[in-house]
There are 2 protein chains.
Amino acid sequence: MSDNLPKPEKQKDLSAAIAERIRQDILSGALVAGDRLPSESELSEAHGVSRATVREALKRLAAQSLIRTKRGATGGAFVNQQSFEDAYAQMASSATLLITLNNVDITTACEARFALERGCVRLAAKHRRDHHLDKMRAEIARQKDPELSDEAFCASDVAFHRALVDAAGNPVLSWQLAAAVEGIEPLMNMLTYRQRDRDAVISLHEAMVEALEARVGARLEILMDYLRDQTLRTALD
Amino acid sequence: MSDNLPKPEKQKDLSAAIAERIRQDILSGALVAGDRLPSESELSEAHGVSRATVREALKRLAAQSLIRTKRGATGGAFVNQQSFEDAYAQMASSATLLITLNNVDITTACEARFALERGCVRLAAKHRRDHHLDKMRAEIARQKDPELSDEAFCASDVAFHRALVDAAGNPVLSWQLAAAVEGIEPLMNMLTYRQRDRDAVISLHEAMVEALEARVGARLEILMDYLRDQTLRTALD
DNA sequence: GTGGGATTAATTGTCTGACATTTATGTAGG
DNA sequence: CCTACATAAATGTCAGACAATTAATCCCAC
């Protein structure tokens, strides 16, 4: 970050260079969501390269969901409205890759997850609505089924916490947290819960819903810490 | 995660489909970092498509920094070790796009940033080392220069908080937070600080370093809340 | 035998031109 | 008015060629 080279954009492939130019046009606002790029033929002429090279550049941008393409008479490449869903999917994918490919240990991952989530609970206590409580209670009910597989239990846990984060009413926060939690899910799926562990988690979930209903953020923070410790104990058995 | 469609991979372009197949091979562990993919000719034959189509698929993967390519006799496409730097760059880019292209207001962005950061300060208090304090003090010294432009002040502020997050000693956390903060930076750069605002921020920074040195996480949380309120006041003047 | 330069082979990067497919639009006929 | 067909524009795919890069190999002079 500190060594921000001013002009290091040589040595690159043409397709990468062209992709970068278009990318800058989008970032700078010269191209805005919905705009149609020139056709591949026009782009190839404008940049002095073949159509194949232009196509490779466009595929790079498409892979980052910066553009989408449509065939047919009114088709072409269009600048994408970077939806929260797109960004979420990308971040979650990024997080999953990073964690699985770098053998991040579950202690580190859990610590990060609970630390991030902890930061949201005061906002959640302030802005929560009844449907958030309903969702969380529904997940708790599901978690009480002793027949539930570890994986399903974990999925329900994720849904529970997602609702908690959504209660903060801040889309940027929901998006960041959801991506982080989903990235960690593969690791969490490797946990095996004894029934005693599950009971402890469920009790904490119930206490959290109560605290959320009463809008007591400080209590939620304490409960989050308990939950983190409980999860780490489960992981280290 | 719940609606994991089993076979929705029709209707797509060949290049996208092939990219997805290779991507799954990487995610599943069939291909690990450092492995060399078959040559473009071999891939085109194996998948029954032309080399141009294979190349478009590879460019998609390269755009996600899942692979890198090298020319020459021992060249080819190699599975990337997904470094924290790569993941960080991607997440930061994602965050920037999301925030700028969706006109997220600065209140929402600030709220999210400080909420996330707040979750880290207890860990930071626990794991901080002297060089973190040194870095933060150095940034404070820079911030005291009244000649500093608003943009430079903001950059120093980012560096200060980055050091704070790094002090938590958790790479996953550092990576998530740094990306979030950098994504918000374009918005923060639009703030104009009066000298009074700057003095207030600097005082809080100094108090934070003291609290961090004394390892008092609770005090750090309170200071973060003050800092958030101060920043929001600056934004809404 | 050894060092160094030329050769060679493998691979990605780029270009060209063609054809297939998709999709909106215009047009003629009922 | 509505349908069916032709048309045009754009992306998607293909085949083949050549350029550029790089490591390994060969060969020859010393």
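Chain letters run A, B, ... following the sequence lines, proteins first, then strands; residues in each count from 1.
A side-chain N or O of B:Arg60 and one of B:Ser15 form a donor-acceptor pair less than 3.5 Å apart.
Using a cut-off of 4.0 Å between Lys/Arg side-chain N and Asp/Glu carboxylate O, B:Glu111 and B:Arg228 are scored as not salt-bridged. A salt bridge links A:Glu117 to A:Arg113: one of the charged nitrogens lies within less than 4.0 Å of a carboxylate oxygen.
With sequence neighbours excluded, no residue satisfies side-chain hydrogen bond (donor to acceptor under 3.5 Å, both in side chains) with A:Thr69. Judged as a side chain to side chain contact (heavy atoms under 4.5 Å, CB included), and not counting sequence neighbours, the contacts of B:Cys154 are B:Glu185, B:Met188, B:Asn189.
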At under 4.0 Å between heavy atoms, how does the protein contact nucleotides 7-16 of chain C? Give one character per nucleotide, 5' to 3', with B, S or -.
---BBBBBBB
So if I define the base as every atom that isn't primed, P, OP1 or OP2, how would nucleotides 2-7 of chain D read as a B/S/- string at a heavy-atom cutoff under 4.0 Å?
------
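Residues in residues 133-143 of chain A take part in these side chain to side chain donor-acceptor pair (under 3.5 Å) pairs, two or more places apart or across chains: A:Lys135-A:Glu139, A:Arg137-A:Glu213, A:Glu139-A:Ser156, A:Gln143-A:Ser156, A:Gln143-A:His205.
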Contacts under 3.5 angstrom, residues 29-36 of chain B side chains, donor-acceptor by atom type, not counting sequence neighbours:
{"residue": "B:Asp35", "atom": "OD2", "partner": "B:Val32", "partner atom": "N", "Å": "3.1"}
{"residue": "B:Arg36", "atom": "NH1", "partner": "B:Gly75", "partner atom": "O", "Å": "3.3"}

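Remark: C1' of D:dA10 and CG of A:Leu43 are 12 Å apart, rounded to the nearest angstrom.
Contact check for A:Ile26 versus A:Ile67: side-chain heavy atoms found under the 4.5 Å cut-off.
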